[in-house]
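Data block below; observations after.
Order of listing sets the numbers, starting from 1, for every ligand and every atom in it. As a basis for the values below, the full set of heavy atoms in this structure was taken, side chains included, without hydrogen atoms, waters or symmetry mates.
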Amino acid sequence: MKRIFSGIQPTGNLHLGNYLGAVKNWVKLQSTYECIYCIVDMHAITTFQDPKKLTQNIRDAAAILIASGININSSILFNQSRVPMHAELAWIFNCIAKIGWLNRMTQFKDKAGKNREKASAGLYIYPNLMAADILSYKATHVPVGDDQKQHLELTRDIAISFNDSYGIKYFPVVEPLIIGEATRVMSLRDGSKKMSKSDNSDFTRINITDSKDVIASKIKKAKTDSLPVPESITALSGRLEAKNLLGIFAALKEVSLEKIIKDYGGGTFSVLKEDLAECIISELVPVSSEIKNLQNNREYLDKILKDGATKAEEISKPIIKEVKEIVGFLVA
Ligand code: AMP
Ligand code: TRP
């Protein structure tokens with residue numbers, strides 16, 4: 001049996017990278033699989049979050065996910081901190097994962113930057129909590145963007161090491177689902193940098209809630225080069241910004257990169273940009289208006305997250321009880 005789990009941090013500015021790398025795929029997977037989607041507020045505080053803003057960002061993330069098509073009747077949607085099993089399993093995994101494994105995590109290196117001594121211990125063990133999120137439900141498949149691949153490899157290592165240490169085939173070895181033509185959406189201003197929530201310039205990203213005019217202007221100003229649009233996959237080499245725009249377009253239209261290149265290759269970027277902006281607008285603007293409706297209904301959002309947590313806990317509680325028994329804790 002396949003069980004899907006994935007998470008997103010409520011740190012504001014959810015963008016087209018989150019949408020194409022994660023959310024759009026989450027929505028699609030719902031029709032075939034049992035899906036559990038989590039707003040990972042405990043991951044968010046690995047770097048300091050203003051409490052009022054965090055609460056707001058949790059509700060906003062819920063509104064964005066529901067407006068994008070997460071079906072709360074068939075999938076489970078909740079915020080992480082409400083289900084204590086994640087933190088409990090994370091502790092056990094802190095005792096399984098090796099320091100050497102964590103030292104290899106590139107996301108930690110990027111986020112901690114030069115002043116590693118000042119990074120929180122939480123930021124360092126972040127991937128162990130992520131493994132606990134997934135394995136608290138014995139999830140088998142995890143849809144994410146390309147940047148989370150390394151964390152999922154660590155999750156696999158933790159599952160294998162736990163199973164080996166205790167001599168029991170308990171946890172599944174999870175499979176990443178990195179789907180589509182935009183698994184790593186890049187900054188609109190610099191094709192070598194990932195589109196990110198925390199970039200100081202808003203012109204580097206399309207936020208899911210951007211208005212029609214803002215989207216049009218950001219795409220118009222997106223960096224390109226002075227050559228015509230590339231005419232083949234091989235011609236994309238070294239043309240990072242062109243590759244990014246074509247990839248975004250293909251992912252939105254759910255066609256192959258080759259198809260977009262066939263349609264636009266050899267032409268001007270201004271034509272490509274006009275059609276791309278249209279396409280982004282027609283995908284995101286209806287979502288934005290639904291987000292606004294949901295944001296006006298705070299009680300409804302809170303109830304969804306609370307009910308989701310109850311359902312999530314029902315699944316994870318017996319699993320964590322078994323894990324404690326396997327480890328040798330006295331539970332009865
Ligand atoms: P985060 O915003 O870090 O919580 O990421 C939530 C999800 O969005 C994860 O599955 C990420 O892999 C995905 N994601 C974040 N940024 C990008 C990006 N620039 N391109 C593609 N996927 C992304
Ligand atoms: N680390 C992920 C990110 O930053 C978010 C996340 C936390 C997650 N727990 C998860 C993703 C479990 C998938 C599964 O994007």
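Classification of Asp199 and Arg205 as a salt-bridged pair fails, no side-chain N sitting under 4.0 Å from a carboxylate O. Taking the charged nitrogens against the carboxylate oxygens, Lys28 and Glu254 do have a contact shorter than 4.0 Å, which makes a salt bridge. With respect to the salt-bridge test (charged N to carboxylate O, under 4.0 angstrom), the residues Arg59 and Asp302 qualify. At a threshold of 4.0 Å, the pair Lys220-Glu274 does not count as salt-bridged, since none of the basic side-chain nitrogens sits closer than that to a carboxylate oxygen.
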Quick one, Glu181 with Ser256, criterion side chain to side chain donor-acceptor pair (under 3.5 Å). Give me CA distance, side-chain angles, the key distance, then yes/no. CA-CA 7 Å; Glu181 296 285 6; Ser256 66; 5.2 Å; no
Please test Tyr33 against Lys2 for side chain to side chain donor-acceptor pair (under 3.5 Å), starting from the C-alpha separation and ending with a verdict. CA-CA 7 Å; Tyr33 304 110; Lys2 276 191 187 174; 3.1 Å; yes
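Taking every heavy atom of Gly21 and a limit of under 4.0 angstrom, the matching atoms of ligand 1 come to 21 (C), 22 (N). When each atom of ligand 2 is checked for a heavy atom of His43 under 4.0 Å away, the hits are 7 (C), 9 (N). Listed by atom number, the atoms of ligand 1 under 4.0 Å from Thr183 heavy atoms are 20 (N), 21 (C), 22 (N). Close approach to Ala22 involves these atoms of ligand 1, each under 4.0 Å from a residue heavy atom: 7 (C), 8 (O), 10 (O). Taking a cut-off of under 4.0 Å to the non-hydrogen atoms of Lys194, the atoms of ligand 1 that pass are 19 (N). Of all the atoms in ligand 1, the ones that sit under 4.0 Å from a non-hydrogen atom of Gln9 are 3 (O), 4 (O). Shown in contact with Ile8 at under 4.0 Å from a heavy atom are these atoms of ligand 1, numbered in order with element: 4 (O), 6 (C). Ligand 2 places these atoms under 4.0 Å from at least one heavy atom of Val40: 7 (C), 9 (N). Atoms of ligand 2 found under 4.0 Å from any heavy atom of Val142, numbered from 1 in the order shown, are 13 (C), 14 (C).
Nearest protein heavy-atom contact of atom 23 (C) of ligand 1 is Gly17 O, 3.4 Å. The protein heavy-atom contact nearest to atom 4 (O) of ligand 2 is Tyr126 OH, 2.8 Å. Regarding atom 16 (N) of ligand 1, its nearest protein heavy-atom neighbour is His15 CE1, 3.5 Å. Nearest non-hydrogen protein atom to atom 20 (N) of ligand 1 is Val185 N, 2.8 Å. Here the heavy atom of the protein found nearest to atom 12 (O) of ligand 1 is Asp147 OD1, 2.4 Å. With hydrogens left out, the protein atom closest to atom 15 (C) of ligand 1 is Asn18 ND2, 3.2 Å, a heavy atom. Here the heavy atom of the protein found nearest to atom 9 (N) of ligand 2 is Asp133 OD2, 2.7 Å. From the protein, the heavy atom lying nearest to atom 5 (C) of ligand 2 is Gly7 O, 3.7 Å.
The residue among His86, Gln148, Met130 with a heavy atom at the shortest distance from atom 3 (C) of ligand 2 is Gln148. Here atom 9 (C) of ligand 1 lies nearest to Gly145 when heavy atoms of Ser6, Ala251, Gly180, Gly145 are compared. Of the candidates Gln107, Lys193, His151, Lys197, it is Lys197 that places a heavy atom closest to atom 2 (O) of ligand 1.
Following chains of ILVMFWY side-chain contacts shorter than 4.5 Å, one can reach Leu272 starting from Leu20, so the two form part of one hydrophobic cluster.
Not a single heavy atom of Met186 sits under 4.0 Å from any atom of ligand 1.
In this structure, His86 has its ring center closer than 6.0 angstrom to the ring center of Phe78. You'll find the ring centres of Tyr170 and Tyr166 outside the 6.0 Å limit. Aromatic pair Tyr124/Phe108: centroids less than 6.0 angstrom apart.
The CZ atom of Arg189 lies 10.5 Å from the CD atom of Glu241; values are rounded to the nearest 0.5 Å.
Looking at Arg184 against ligand 1, only its backbone comes within 4.0 Å, counting heavy atoms. Using a 4.0 Å cut-off between heavy atoms, Val144 contacts ligand 2 through its side chain alone, with no backbone atom that close. When heavy-atom distances to ligand 2 are checked against a 4.0 Å cut-off, Ile134 comes that close only through its side chain, counted from C-beta outward. When heavy-atom distances to ligand 1 are checked against a 4.0 Å cut-off, His43 has no atom that comes that close, whether in backbone or side chain.
For the pair Met195 and ligand 1, the shortest N or O to N or O distance falls below 3.5 Å. When only interatomic distances are considered, the shortest N/O to N/O separation between Gln9 and ligand 2 falls below 3.5 Å.
Shown are Lys311, Arg3, Lys138; of these, the salt bridge (Lys or Arg N to Asp or Glu O under 4.0 Å) with Glu34 is made only by Arg3. Exactly one of Asp147, Asp146, Asn244 qualifies for a side chain to side chain donor-acceptor pair (under 3.5 Å) with Arg184. That residue is Asp146.
Not a single donor-acceptor pair under 3.5 Å links the side chain of Asn79 to the backbone N or O of Ser81. Of the possible polar contacts, none joining the Glu175 side chain to the His141 backbone as a donor-acceptor pair under 3.5 Å is found.
Checked by atom type, the side-chain pair Thr209/Asn207 shows no donor-acceptor distance below 3.5 Å.
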